[in-house]
Amino acid sequence: MGLSAMRAEERADREDFSMTTVTRRRALRYFGMSVALGAVIAALPSAAQDRTSVKIGYAISKTGPNSGGAGITTLPNYVLWAKEVNDAGGLEMPDGKKLPIEVVEYDDRSSAEEVVRAIERLATQDKVDFILPPWGTGFNLAVAPLFDRFGYPQLAVSAVTDKAPEFVKRWKKSYWLLGGGHDYTSALAGLLTKAAGEGTINKKIAMISVADGFGIDLVTAARPSFKDAGFEVVYDVTYPAGTTDFTPMINEAAGSGADTFVAFSYPPETFAITQQAQVAKFNPKILYLGVGTGFPVYGEKNGANAEGIMSLGGIDPKNEANAAYRKRHQEVTGQAPDLWGSVITYNSLQMLQEAIKRRGLDRDAVADELSNGTFQTVLGEVKLEDNQLRKLWFGGQWQSGQFVAVAPVDREGAAPAILPKPAWK
Amino acid sequence: MRTALGFAAAAIVFAVLAFAPFYLDAYGIGLMIGMTGYVTLASAWGLFSGRTGYVSLATVAFFGMGAYTVAVLNETLPYPVILLVAGAIGLLVAVVVGFSTLRLAGVYFVIFTFGLAELIRQLVTWFETTVTGTLGRYIFLPVGPEHIYWQLLVLCAATLFITWWVGRSRLGLALRVIADDEVVASHIGIDIARTKLALFSVSAVIITLVGAIQAPRWTYVEPAIVFNPTVSFLTLIMALLGGASRLWGPALGAIPLFLLFEWLSANFPDHYSILLGLLFIVIVFVLPRGVAGFAKDLTRRRPGGTPAAPKLDAAPLGTESREARS
């Protein structure tokens with residue numbers, strides 16, 4: 001019926017036809033303008049002086065297995081940022097004029113093929129001015145060649161990869177803001193070395209990891225990190241994602257004589273290990289768990305028992321800009337940001353906003369500014385090194401209801417870690 | 001005469017399609033890749049399942065193996081050799097699996113194939129974590145989208161040709177008897193197991209190649225990405241909508257459904273799943289025997305025609321009569 005006809009028509013004169021429908025739809029949704037007016041505006045040439053908006057597009061996993069992570073770290077920040085910018089009158093251009101953001105959003109349904117096609121659609125059909133990256137290491141890599149081919153800067157946040165320097169060479173306009181597995185494990189090794197030097201812990205580590213992307217990356221990086229720091233990994237096993245019973249592993253770790261227990265786990269397991277360690281009365285001097293520890297709900301659920309538990313990420317509670325951001329995030333999206341990638345995501349959007357203010361909507365100029373400029377963001381002063389954000393908090397610890405940054409230990413602003421971890425309540 | 005005309009028409013259609021990348025932008029090519037991929041998957045699925053009534057959910061097991069083979073070998077072997085290796089692996093697994101399971105019937109086979117996809121995914125994960133110590137793999141091949149599209153187009157044409165050929169060969173004749181009554185088939189000397197195994201293997205190799213050809217599009221491959229069970233379900237739905245047992249049936253299902261998915265996700269990104277669910281219910285009620293079956297019904301209802309007989313090849317799942325018998 002009409003569908004194939006519509007496709008044919010759209011293909012025949014894609015240039016104006018599809019643009020008209022898209023603009024019309026967005027116009028109705030976001031501005032409430034009349035259909036006719038929207039069509040007229042879309043028909044106008046899109047030179048800067050005729051612009052009435054800046055199109056920002058993204059494809060994100062709103063459904064499927066990736067929706068959990070995307071819905072915590074990435075999507076709320078996109079929503080918050082677009083709202084804040086539009087409430088303030090829009091994105092500021094170099095000439096001082098403000099243009100509102102027009103959002104084009106797609107659901108990639110956690111499918112690699114879908115996210116690839118959605119980015120192609122954003123670039124060639126919707127002709128958006130900038131594209132925000134999807135969630136996850138795999139998806140950011142899947143779309144990187146497309147961002148590169150269509151000339152869009154890619155501010156990849158939720159992608160932890162040690163290969164960032166290689167990627168930057170391959171894709172000049174790609175930016176990697178969350179570090180690599182090795183950064184996190186060497187920061188942890190640094191913290192452990194300090195504690196061992198003070199005589200708080202012995203030099204033995206018990207380690208478990210989930211047999212999936214994150215766990216493998218981290219554990220592969222951790223083995224040399226710990227070895228170089230002179231630690232002995234006395235227990236080292238992987239478990240399949242979705243494991244619910246950790247009692248055997250916890251008992252083995254408890255019997256291994258290690259003072260440090262590390263689990264590179266996913267959220268469901270992070271919560272389960274926390275519970276089961278309490279039941280088993282297993283209270284290592286250092287307890288380091290994986291993804292999920294930095295979720296606000298982890299602190300809420302575990303209350304006083306969260307005290308002293310460590311993980312990746314962390315925030316500097318003395319940073320007022322970050323505190324204000326956390327409050328706005330809660331108010332606008334109705335949920336608290338996580339304590340690791342959320343603020344970095346928001347920071348990447350602020351960088352983009354500032355780069356546009358300085359250089360306009362020319363994507364090459366904006367990419368150049370992102371690579372070389374210095375930005376004042378929610379993280380403080382930010383300057384990328386070789387397109388990567390290197391000044392990051394790689395380790396945090398729950399201290400009196402806050403997930404405080406404690407590693408790298410030699411970075412200014414790092415709080416001293418509470419060692420050994422207090423007893424379970 | 002009709003065959004020659006059909007071949008000529010198909011040749012023209014494929015020739016026109018081969019020129020598509022010169023007129024389409026990146027999104028258009030992406031669309032054509034997805035569509036050709038699913039037409040091939042659905043046709044290959046129909047080649048085995050539509051003709052034997054064995055509903056397979058193992059599509060993604062083979063698809064993922066193909067993609068993973070490319071991911072593992074892309075830095076060590078030339079691309080055409082990788083495709084050959086992928087096809088060989090698909091064949092090997094299909095023969096082993098086929099030998100051990102094609103005696104299962106009805107719902108047992110469905111469950112087994114679903115488990116097979118998960119089994120292979122876990123085996124790959126286990127191997128990667130314990131032996132190689134990495135999980136994600138990168139594919140940096142100089143294969144552009146248009147190359148992927150052309151390869152898929154060739155594979156699609158080959159699949160349709162094989163399907164046509166099987167329909168006219170002794171093998172096809174044997175299958176028809178098996179589908180009607182396995183007991184009769186074995187009594188007249190048809191080697192049931194070998195016939196089914198042959199078809200299962202051909203279908204599996206094609207599916208493996210689809211995965212291998214599409215893999216360079218993702219740059220990064222890990223088991224969760226390539227062993228996504230949605231691929232199995234979409235293939236099945238598309239083939240059933242079109243009519244799994246007919247030559248053009250799966251294509252008739254795959255093309256409109258693929259375009260519909262695309263249209264829904266572009267225009268109703270937030271209501272996609274709800275609309276899709278409603279749509280499937282409508283399809284089951286309105287077109288229980290697939291588009292091809294529906295069209296056949298229409299022609300048969302003409303004055304003078306014989307009324308449509310409920311035959312296995314047109315039944316929606318093709319399993320009911322088999323289950324009743326086994």
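Order of the sequence lines fixes the chain letters, A, B, ..., with proteins taken first and strands second; residue numbering starts at 1 for each chain.
Among pairs with a residue in residues 216-225 of chain B, those fulfilling salt bridge (charged side-chain N to carboxylate O under 4.0 Å, His left out) read A:E113-B:R217, A:E120-B:R217, at least two apart in sequence or across chains. Sorted by first and then second residue, the ring-ring contact (aromatic ring centres under 6.0 Å, His included) pairs with a member in residues 114-167 of chain A read A:F167-A:W171, A:F167-A:W176, A:F167-B:Y138; sequence neighbours excluded.
Few gaps surround CZ on A:F214; more than 12 heavy atoms of other groups in view lie less than 6.0 Å from it.
Only the side chain of B:Q214 comes within contact range of chain A, judged by heavy atoms closer than 4.5 Å. Looking at A:S110, the atoms closer than 4.5 Å to chain B (heavy atoms on both sides) all sit in the backbone: N, CA, C or O. With a 4.5 Å cut-off on non-hydrogen atoms, B:S265 touches chain A through its backbone and its side chain both. Proximity to chain B is absent for every atom of A:R223, based on heavy atoms less than 4.5 angstrom apart.
By the 6.0 Å and 45° rule, A:R117 does not stack over the aromatic ring of B:Y27.
Atom CG of B:L24 sits about 10.0 Å away from atom OG1 of A:T124, to the nearest 0.5 Å. A distance of 10.5 Å separates OG1 of B:T219 from CG of A:D148, quoted to the nearest 0.5 Å. Here the CG-CZ distance, from B:L31 to A:R121, works out to 8.5 Å after rounding to the nearest 0.5 Å.
Chain B forms more heavy-atom pairs under 4.5 Å with one residue of A:G215, A:P145, A:G138 than with any other, namely A:G138. Between chain B and the residues A:A241, A:S209, A:A112, the most heavy-atom pairs under 4.5 angstrom are made by A:A112.
Within the 4.5 Å cutoff, the side chain of A:R170 has heavy atoms near those of the B:F140 side chain. Looking at heavy atoms from C-beta onward, B:N228 lies in side-chain contact with A:S111 at the 4.5 angstrom threshold. With a 4.5 Å cut-off on side-chain heavy atoms, B:D270 and A:K62 count as touching.
Between B:S273 and A:T63 the shortest heavy-atom distance is OG-CG2, 4.5 Å.
The stretch residues 141-149 of chain B places B:P145 near chain A, each with some heavy atom under 4.5 Å from a heavy atom of that chain.
One side chain, A:R109 or B:Y272, offers a donor N or O that lies under 3.5 Å from an acceptor on the other.
Applying the side-chain hydrogen bond (donor to acceptor under 3.5 Å, both in side chains) test to A:T238 and every residue at least two apart in sequence or in another chain returns nothing.
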